[in-house]
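Since the structure comes first, as structure tokens, the remarks are kept for the end.
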Amino acid sequence: MSKILIAPSILSADFANLGRDIQALDAAGADWMHIDVMDGHFVPNISFGAAIMGSIRDYTDKPFDVHLMISPVDDYIEAFAKAGANYITVHAEATTHLDRTIQLIKSFGVKAGVALNPTTPVSALEYLMDEIELILVMSINPGFGGQKFMPAQLAKMSQIRKMIGERNIRLEVDGGVNAETAKLCIEAGADVLVAGTAVFKGGNQKLAENIATLRG
Ligand code: DX5
Ligand code: ZN
């Protein structure tokens, strides 16, 4: 399996100092920057849009891993692609024609990912396995940081790891990932760990230590 990547969620950063915090994450060894976009409709919270993401793009060379919690989503893909997304992940539940949405992401030269809510079965991925480069398993109900990890999602990760087989697809987990649950996720086959609370715990001087702990 490929190297474990840590993708801190900037949802837990200081929004008044996003550029500074992105630089701090970069220096602390973050592999990807996880960008959580919430619309107040698909999820019961609002975060920020493509303009804010674009304004922090130049603060790091690390990949921007954009998690769109937006429905309907198609009208916003171009803006995030142009604002510097490397991966764009959409929810299977958030779009009627998921394949069309995936093709739209790829048309901008951006890598495409699909996220599954905790109750969405893996069968939602079956006809997409040769089209996508990232699968995101939500281990909480999306919308807020700081929630408790759902252990039932570990079986889903193992099942998806088997489905991936030799394909070049990253398996990412998002929600309630901390030192303990990170280990379980890695055992279940995840190779990208998103974490907000566990990365920013203790302030910016702790980022490097927190990231190293998650990596195990
Ligand atoms: C929630 C987001 C997550 C979340 C992770 O909808 O997708 O990225 O902020 O935060 P923690 O690590 O605090 O669960
Ligand atoms: Zn996320």
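Only a predicted model underlies this, so the values are computations on that prediction, with no experimental measurement involved. Order of listing sets the numbers, starting from 1, for every ligand and every atom in it.
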among protein heavy atoms, the one nearest atom 14 (O) of ligand 1 is G176 N, 2.8 Å
State if S12 counts as touching ligand 1 under the rule of any non-hydrogen atom under 4.0 Å.
no
Tell me, which N, O or S atom in D36 is closest to the Zn ion (ligand 2)?
OD1
Run down the list I140, D36, V37 and name the one with the heavy atom closest to atom 8 (O) of ligand 1.
D36
For atom 6 (O) of ligand 1, find the nearest protein heavy atom and state the residue, atom name and distance (0.1 Å precision).
G143 N, 2.8 Å
Hey, which N, O or S atom on D174 ends up closest to the Zn ion (ligand 2)?
OD2
Per-atom contacts, ligand 1 versus S9 - under 4.0 Å to a heavy atom:
8 (O), 9 (O)
What part of T197, side chain from CB on, backbone N/CA/C/O, both or neither, has a heavy atom under 4.0 Å from ligand 1?
both
So that I know where these two stand, are F48 and F15 an aromatic pair - ring centroids less than 6.0 Å apart?
yes
Numbered atoms and elements of ligand 1 in range of G175, under 4.0 angstrom, heavy atoms:
14 (O)
Mark up the atoms of ligand 1 that fall under 4.0 Å of a heavy atom belonging to G146, in ascending order.
11 (P), 13 (O), 14 (O)
What protein heavy atom lies closest to atom 4 (C) of ligand 1? Include the residue and the distance to one decimal.
D174 OD1, 3.7 Å
Which atom of A92 lies closest to which atom of L116, heavy atoms considered
CB-CD2, 3.9 Å
Considering non-hydrogen atoms only, spot the tightest contact between L11 and G145 and give its length.
CD2-N, 4.2 Å
Enclosure of K106 NZ (heavy-atom neighbours >12, cutoff 6.0 Å)
yes
Carboxylate-amine/guanidinium contact D31 R215, below 4.0 Å
yes
Y59 atom OH: more than 12 heavy-atom contacts under 6.0 Å
no
Show the atoms of ligand 1 that are less than 4.0 angstrom away from any heavy atom in L11.
9 (O)
Using a 4.0 Å cutoff against the non-hydrogen atoms of M38, which atoms of ligand 1 qualify?
1 (C), 6 (O)
Determine whether M163 and R161 satisfy the following criterion, side chain to side chain contact (heavy atoms under 4.5 Å, CB included), listing intermediate values before the conclusion.
CA-CA 5 Å; M163 281 170 73; R161 175 51 65 195; over 6 Å; no
Could you tell me which atoms of ligand 1, counted from 1 in the order shown, lie closer than 4.0 angstrom to a heavy atom of F144?
1 (C), 6 (O)
Give the atom numbers and elements of ligand 1 that come within less than 4.0 Å of a heavy atom of P142.
6 (O)
Of the non-hydrogen atoms in I140 and M150, which two are nearest, and what is the gap between them?
CA-SD, 3.9 Å
Run the numbers for me: atoms of ligand 1, each under 4.0 Å from some heavy atom of H34, listed by number.
8 (O)
Close side-chain approach of I88 to L68, heavy-atom, < 4.5 Å
yes
At the Zn ion (ligand 2), NE2 of H34 and ND1 of H67 open up to roughly (10° bins) 100°
Does a salt bridge link K183 with E187, judged by any charged N lying under 4.0 Å from a carboxylate O?
no
Does a side-chain N-to-carboxylate-O contact under 4.0 Å join R167 and D130?
yes
Looking only at protein heavy atoms, what sits closest to atom 12 (O) of ligand 1 is G196 N, 2.8 Å
Determine, step by step, whether N86 and K62 satisfy the side chain to side chain contact (heavy atoms under 4.5 Å, CB included) criterion, reporting the C-alpha distance in whole Å, the side-chain angles of both residues, the deciding distance to 0.1 Å, and the verdict.
CA-CA 9 Å; N86 299 88; K62 304 272 170 82; over 6 Å; no
What residue and heavy atom of the protein are closest to atom 10 (O) of ligand 1, and at what distance?
G145 CA, 3.6 Å
Between ligand 1 and A195, can you find any atom pair, the residue atom being a heavy atom, that is separated by under 4.0 Å?
yes
